[in-house]
Chemist: 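Would you mind keeping the following structure in view while I ask a few things?
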Amino acid sequence: MTNASLNQILDSACRSIQDQIGSGKVADYIPALARVDIKKFGASILTLDGESASFGDAKEPFSIQSISKVFSLTLVLNQIGDKLWERVHHEPSGNAFNSIVQLEMERGIPRNPFINAGALVLSDILLKDRTPDTSIQTILNFLNEIIGEKRIGIDHEVALSELETAHRNSSLVHFMKSCNNIENTVSDVLNVYCNHCSIAMSCEDLSRSMLFLAKEGFDPISNQRIISPELARRINSIMMLCGHYDASGDFAYRVGLPGKSGVGGGIVAIVPEVGVITVWSPGLNKNGNSLVGTSALEAIAKISNWNIL
Ligand code: GLU
């Protein structure tokens with residue numbers, strides 16, 4: 001595909017949803033996120049052969065929030081492989097991202113790595129033989145190595161705001177610790193988790209950093225294997241089934257691609273063997289997924305005819 005036709009797809013999809021920009025509600029349970037301009041909208045596509053297209057605020061860094069769980073999952077799978085599934089399941093949750101109820105019924109084993117409880121276990125595993133600082137640095141190094149420049153970092157204002165209001169996440173870690181599913185201190189686990197959720201990246205950076213998932217774990221631009229084909233397939237299937245919390249079914253129905261959203265309003269979708277699409281619009285729907293971002297991805301998938309179904 002040429003840059004011109006990619007631009008055409010992205011342009012007509014984004015224009016078709018333009019009157020929706022500004023809808024939804026910004027996440028306000030993390031005070032620093034409540035200040036983001038709801039009218040922001042960005043989108044980017046990057047293909048395996050390096051063609052790209054961008055729209056709107058595609059270069060502006062935003063808080064990636066739960067999208068960061070794809071990176072921590074990749075690192076943890078590289079660290080301990082399928083042993084992860086002894087501590088976290090890989091089933092859709094059908095519950096809110098920060099639900100406590102299901103965790104108690106299932107004795108401290110989170111449903112999947114993308115709900116908060118599951119991602120907190122990932123942070124605990126990343127802390128093995130590392131301090132909180134070196135764990136966070138490991139994630140940043142991973143991203144900066146793929147991007148090829150040292151410019152991805154943490155938005156410290158968001159991280160602080162998140163740590164100060166992490167009451168629910170703290171309950172989840174305490175509960176899992178009581179079930180022997182957390183090895184480190186509660187504060188170290190929260191520190192790693194809140195900091196990686198506060199990484200700031202643009203749509204263009206996100207598309208670049210997840211290109212390996214469109215090519216079975218191999219990054220075609222830097223010619224590096226990031227993860228084995230088998231584990232890359234696992235990440236994509238978890239994105240397909242669990243990437244949007246209790247609206248994962250709705251996202252699969254509307255978009256038909258593996259994806260991961262964050263309460264900062266970003267969504268990344270993987271088009272296997274083609275490339276990556278990232279959208280950003282801070283207004284969320286009631287499930288905590290970007291409202292306009294989902295519509296934009298639905299329009300892009302429809303116009304391009306990219307889907308895995
Ligand atoms: N850091 C957010 C939290 O723990 C992540 C939620 C999200 O993006 O879905 O609540």
Side-chain angles (χ1 to χ4, degrees), residues 24-36 61-73 88 92-100 102-103 110-124 126 132 135-136 139 154-176 182 186-201 203 206 210 238-239 241-248 250-251 259-269 278-291 293-294:
K25 201 172 162 289
V26 291
D28 54 6
Y29 73 102
I30 299 171
L33 293 184
R35 293 193 273 278
V36 177
F62 61 90
S63 189
I64 68 169
Q65 291 296 315
S66 280
I67 297 172
S68 61
K69 295 171 185 172
V70 177
F71 304 128
S72 51
L73 177 61
V88 183
S93 72
N95 271 311
F97 63 95
N98 53 6
S99 171
I100 298 175
Q102 193 168 48
L103 192 61
R111 268 290 170 106
N112 66 65
F114 290 161
I115 52 171
N116 286 12
L120 288 158
V121 173
L122 297 179
S123 294
D124 188 56
L126 282 174
S135 307
I136 297 158
I139 303 176
I154 310 277
D155 181 330
H156 294 289
E157 191 198 344
V158 173
L160 198 64
S161 181
E162 214 173 312
L163 274 164
E164 278 169 352
T165 53
H167 311 300
R168 256 178 185 265
N169 287 329
S170 163
S171 318
L172 293 169
V173 189
H174 274 290
F175 181 73
M176 290 191 289
I182 291 289
V186 172
S187 72
D188 281 357
V189 173
L190 286 174
N191 188 346
V192 174
Y193 173 84
C194 291
N195 272 285
H196 77 61
C197 284
S198 304
I199 292 172
M201 289 172 83
C203 292
L206 280 164
M210 289 206 202
I238 294 170
M239 288 173 86
L241 295 173
C242 315
H244 295 80
Y245 312 116
D246 42 342
S248 296
D250 183 60
F251 185 85
K260 183 71 200 90
S261 70
V263 295
I267 309 180
V268 182
T278 306
V279 294
W280 172 47
S281 168
L284 307 180
N285 63 20
K286 64 173 175 20
N287 306 97
N289 300 308
S290 173
L291 194 138
T294 308

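Each ligand, and each atom within it, is numbered from 1 in the order the structure gives.
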Chemist: Looking at S72, C197, P132, which one forms a side chain to side chain contact (heavy atoms under 4.5 Å, CB included) with V192?
Modeler: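 That would be P132; it is the only one of S72, C197, P132 passing the side chain to side chain contact (heavy atoms under 4.5 Å, CB included) with V192.
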
Chemist: Would you kindly say whether N169 and N116 are connected by a side-chain donor-acceptor distance under 3.5 Å?
Modeler: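 Indeed, the side chains of N169 and N116 share at least one donor-acceptor pair under 3.5 Å.
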
Chemist: In chain order, what residues pass the salt bridge (Lys or Arg N to Asp or Glu O under 4.0 Å) check against E164, with sequence neighbours excluded?
Modeler: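 E164: no salt bridge (Lys or Arg N to Asp or Glu O under 4.0 Å) contacts found.
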
Chemist: Can you list everything that forms a ring pair (Phe, Tyr, Trp, His ring centres under 6.0 Å) with F114? Sequence neighbours excluded, please.
Modeler: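 Ring pair (Phe, Tyr, Trp, His ring centres under 6.0 Å) check on F114 returns nothing, list empty.
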
Chemist: For H196, is there any backbone N or O sitting under 3.5 Å from a side-chain donor or acceptor partner on S68?
Modeler: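 Yes, S68 side chain to H196 backbone: donor-acceptor pair under 3.5 Å.
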
Chemist: Could you go through ligand 1 and note, for every N or O atom, any protein N or O atom closer than 3.5 angstrom, writing the atom names and distance to 0.1 Å, or 'none'?
Modeler:
residue  : atom   : partner : partner atom : Å
ligand 1 : 1 (N)  : Q65     : OE1          : 2.6
ligand 1 : 1 (N)  : E162    : OE2          : 2.4
ligand 1 : 4 (O)  : N116    : ND2          : 3.0
ligand 1 : 4 (O)  : N169    : ND2          : 2.9
ligand 1 : 4 (O)  : Y193    : OH           : 2.7
ligand 1 : 8 (O)  : S66     : N            : 3.0
ligand 1 : 8 (O)  : S66     : OG           : 2.8
ligand 1 : 8 (O)  : V263    : N            : 2.8
ligand 1 : 9 (O)  : S66     : OG           : 2.8
ligand 1 : 9 (O)  : Y245    : OH           : 2.3
ligand 1 : 10 (O) : Y29     : OH           : 2.5
ligand 1 : 10 (O) : N116    : ND2          : 3.3

Chemist: Check salt bridge (Lys or Arg N to Asp or Glu O under 4.0 Å) between K286 and all other residues, then give those that pass, not counting sequence neighbours.
Modeler: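 K286 satisfies salt bridge (Lys or Arg N to Asp or Glu O under 4.0 Å) with no other residue.
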
